[in-house]
Amino acid sequence: MAKVCWPYFDPEYENFSNRINPPRVSVDNDSCHDCTLIKFDSINKPGILLEVVQILTDLDFIITKAYISSDGGWFMDVFHVTDQQGKKITDSKTIDFIEKTLGPKGQSTEGVNCWQGKRVGVHSIGDHTAIELIGRDRPGLLSEISAVLASLQFNVIAAEVWTHNRRIACVLYVNDATNQAMDDSKRLSIMEEQLNHILRGCEDDEKVARTSFTMGFTHMDRRLHQMLFADRDYESVGLTTTDVDCPPSFRPKIRIERIVEKGYSVVSVRCKDRAKLMFDIVCTLTDMEYVVFHATISSEGQYASQEYFIRHMDGCTLDTEGEKERVIKCIEAAIQRRVSELSTCIVANGTTDIWG
C-alpha cells in the first residue's frame, strides 16, 4: 500500500499572514450623529466574530446595528455602538484600548495575555480555584452551597449564577484562608462530594448534577452558555418563567430558511432588544459549530432584528426539520437564559453571606 504523505503546514502561517495583512480597526465618531462606528477588518479565522463581539460586550457597549461579512479569506464588519447611557464612546483610554486589543498587538500572544476581559466577572481577583456547578434548581440551593463552602473555610471571591428551565449553572471562584488557590486534592474531593450531594437532592442519578474544578481562567458568560447547552436545557418542555411573564409580542420569533443558490441557511431572529443579545446568539451558533458568513443586526425601539447567514463547519446547510428545530430551540434558550438569570454576584471581602 502506498504511503500517504500529507502536505506540510507551517504552524506559524497564521502569524505570518497577520504580519503581511495585520488587522485594522478604526473608531469613528464623525460618520453618525448618535453612535460610534467601530470598523474591523482582518484575515478570516474560526471564531473571530465571537472574539470581537465578546470584547465589545465585555466593555458594556450597546450594539444597535452591525454588518458582518466573512465570505472568503477576509473578515469585515462594522458595529454601531453606544455606552450604557446611549451616548457615543468618547473616552480616549477606552478608544485606545479598543484599537490595541482588536489591532495587530491584540492578535499576538502578548496582546491576548494582556486582555483580561470578563474572564472571572472582574478584571483581576488573584489566585483562585474555579468551581463549576450544574444541577436542578430549587429554593434554598444557593444558601446550602454557601454553607458547605463556609464550613470548609473557602472564601468566595466571585460568582455568577444562571437558571433556566428548572436547571441552575454556577461558576464560583474561591480561595482558602491564605488567599491562595486550593490544590489540596483531599479537601477538593470532600468539597466535590458534599456539593454533589446537595445538587442531587433526593435523586441518585449522577447525570442530575455535576461539580468540576479548574485552576485556569474562563469567560464566565461563555462558560455558563456552554454548561447549560451541554446540559441540554433547551430540551425542557413547558413554559419557563420568562414565557409566563413575557407578553406574546416580546417572545422570540425565530425562522430558518435556505438560500439554495448561495448555499446558506438564514437564521432570522426577532425579539425584545436587550444588552448582550448578539453575544448570546453568536456564542450559541459557535458552540453548535456553525460558521457565520454574513449577518445584519438592527434595533427598532424595543425590538431587535438579527439575521445570520450560516453553514455548519463541514460546509453543510440545515436541510432537515430536525436540525432546524434544534437550532431554534438552542437560540431560544440562549436568549432566555440571561433574561431569567437568577443573579450575578461579585462577592467582596471573602464572604459568602450575600447569597440566596
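- Put simply, the side chain of Leu141 reaches to within 4.5 Å of the side chain of Leu199, judged on heavy atoms.
- Grouping the Ile, Leu, Val, Met, Phe, Trp and Tyr side chains by contacts below 4.5 angstrom, directly or via other members, places Ile331 apart from Val266.
- Between Phe40 and Asp77, the closest heavy-atom pair is O-OD1, 2.8 Å.
- Put simply, the residue from Asp58, Asp280, Asp287 that forms a salt bridge (charged side-chain N to carboxylate O under 4.0 Å, His left out) with Arg222 is Asp287.
- Annotation: side chain of Ile254 is in contact with side chain of Glu332 (closest heavy-atom distance under 4.5 Å).
- Between the side chain of Arg136 and the main chain of Arg200, no donor-acceptor pair closer than 3.5 Å is present.
- In Lys88, the NZ atom is crowded: over 12 heavy atoms of neighbouring residues, nucleotides or ligands sit closer than 6.0 Å.
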Exercise for the section: Begin with the C-alpha distance, continue with both residues' side-chain angles, and end with the deciding distance and a verdict on side-chain contact (heavy atoms from CB on, under 4.5 Å) for Leu224 and Trp162. Expected result: CA-CA 7 Å; Leu224 288 165; Trp162 287 2; 3.7 Å; yes

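- Of all non-hydrogen atoms in Leu102 and Pro23, the two that sit nearest each other are O-CB, 3.7 Å.
- In this structure, the side chain of Ser151 engages the main chain of Val148 through a donor-acceptor pair within 3.5 Å.
- Side chain to side chain, Ser305 and Arg270 meet the donor-acceptor criterion of an N or O pair below 3.5 Å.
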Handout entry: side chain to side chain donor-acceptor pair (under 3.5 Å) between Ser31 and Asp28, intermediate numbers included
Key = CA-CA 7 Å; Ser31 299; Asp28 178 4; 2.3 Å; yes

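- Side-chain atoms of Ser189 and Glu192 form no donor-acceptor pair, as typed in the model, at a separation below 3.5 Å.
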Exercise for the section: Go through the steps for Ile131 and Leu149 under the test side-chain contact (heavy atoms from CB on, under 4.5 Å), then give the verdict. Expected result: CA-CA 11 Å; Ile131 307 173; Leu149 297 174; 4.2 Å; yes

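- Atom-to-atom distance recorded for Ile328:CD1 and Cys330:SG is 10.5 Å, nearest 0.5 angstrom.
- Considering CZ of Arg311 and SG of Cys316, their distance stands at 10.0 Å, rounded to 0.5 Å.
- Annotation: the span from Met288 atom CE to Met313 atom CE amounts to 13.5 Å, rounded to 0.5 Å.
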Exercise for the section: For salt bridge (Lys or Arg N to Asp or Glu O under 4.0 Å), just list the numbers for Lys329 and Glu235, CA-CA rounded to whole Å, side-chain angles, deciding distance to a tenth of an Å, and then say yes or no. Expected result: CA-CA 7 Å; Lys329 285 183 176 180; Glu235 292 183 345; over 6 Å; no

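- Both Ile256 and Ile310 belong to a common hydrophobic cluster when Ile, Leu, Val, Met, Phe, Trp and Tyr are linked at side-chain heavy-atom distances under 4.5 angstrom.
- Put simply, Val78 and Phe75 are part of two different groups of oily side chains (I, L, V, M, F, W, Y) that touch within less than 4.5 Å, one to the next.
- Residues Glu144 and Arg138 have side chains in contact (heavy-atom distance under 4.5 Å, counting atoms from C-beta outward).
- When atom types are taken as modelled, the side chain of Asn165 and the backbone of Arg167 share no donor-acceptor pair closer than 3.5 angstrom.
- Between Tyr173 and His128, the ring-plane angle classifies as perpendicular under the 30° and 60° cut-offs.
- Residue Phe293 forms a ring pair (Phe, Tyr, Trp, His ring centres under 6.0 Å) with just one option from Phe309, Tyr308, Tyr264, and that option is Tyr264.
- Taking hydrophobic clusters as Ile, Leu, Val, Met, Phe, Trp and Tyr residues chained together by side-chain heavy-atom distances below 4.5 Å, Leu277 shares a cluster with Leu59.
- Side-chain N/O atoms of Asp137 and Thr163 include no donor and acceptor closer than 3.5 Å.
- For Ser42 against Ile48, the heavy-atom pair with the smallest separation is OG-CD1, 2.9 Å.
- The hydrophobic cluster containing Val282 does not contain Val291, counting ILVMFWY residues as joined when their side-chain heavy atoms lie under 4.5 angstrom apart, directly or transitively.
- Side-chain contact between His312 and Thr317: absent, with no pair of heavy atoms (C-beta onward) separated by less than 4.5 Å.
- Using a 30° and 60° split on the angle between ring planes, Phe279 and His219 fall in the tilted class, from 30° to 60°.
- Using a 4.5 Å cut-off on side-chain heavy atoms (C-beta onward), Met191 and Phe154 make contact.
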Practice task
Please test Gln306 against Val267 for side-chain contact (heavy atoms from CB on, under 4.5 Å), starting from the C-alpha separation and ending with a verdict.
Solution key: CA-CA 8 Å; Gln306 304 194 6; Val267 180; over 6 Å; no

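- Between Glu300 atom CD and Thr64 atom OG1 the span is 12.0 Å, to the nearest 0.5 Å.
- Here the closest heavy-atom approach between residue Leu318 and residue Ser265 is recorded as N-OG, 2.8 Å.
- The aromatic rings of His80 and Tyr67 sit perpendicular to each other, their planes meeting at more than 60°, with 30° as the lower class boundary.
- Using a 4.0 Å cut-off between charged side-chain N and carboxylate O, Glu323 and Arg326 make no salt bridge.
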Problem - Phe79 and Ile297: CA distance, side-chain angles, deciding distance, side-chain contact (heavy atoms from CB on, under 4.5 Å) verdict - result: CA-CA 9 Å; Phe79 296 92; Ile297 313 297; over 6 Å; no

Handout entry: Residues Lys324, Asp319; criterion salt bridge (Lys or Arg N to Asp or Glu O under 4.0 Å); working and verdict
Key = CA-CA 8 Å; Lys324 294 178 182 178; Asp319 297 326; over 6 Å; no

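- Within 6.0 Å of CD on Gln84 lie more than 12 heavy atoms contributed by other residues, nucleotides or ligands.
- When side chains are defined from C-beta on, Phe61 does not count as touching Thr82, because their heavy atoms never get closer than 4.5 Å.
- Contact between Val81 and Cys35 at its shortest, heavy atoms only, is O-CB, 3.5 Å.
- Rounding to the nearest 0.5 Å gives a distance of 4.5 Å between CD1 of Ile134 and CG of Leu228.
- Of all heavy-atom pairs spanning Lys65 and Ser298, the tightest one is CG-CA, 4.2 Å.
- Asp233 and His164 share a side-chain donor-acceptor pair at under 3.5 Å.
- The closest donor-acceptor contact from the side chain of Asn29 to the backbone of Ile89 lies under 3.5 Å.
- Atom CD1 of Ile168 is separated from atom CE of Met227 by 9.5 Å, given to the nearest 0.5 angstrom.
- Within the 3.5 Å criterion, the main-chain N or O of Arg24 finds no donor-acceptor partner in the side chain of Asp41.
- You'll find the side chain of Asn175 stays beyond 4.5 Å of the side chain of Gln180, heavy atoms only.
- When side chains are defined from C-beta on, Ile62 does not count as touching Asp83, because their heavy atoms never get closer than 4.5 Å.
- Remark: Arg274 CZ is packed, more than 12 non-hydrogen atoms of other residues, nucleotides or ligands lying under 6.0 Å away.
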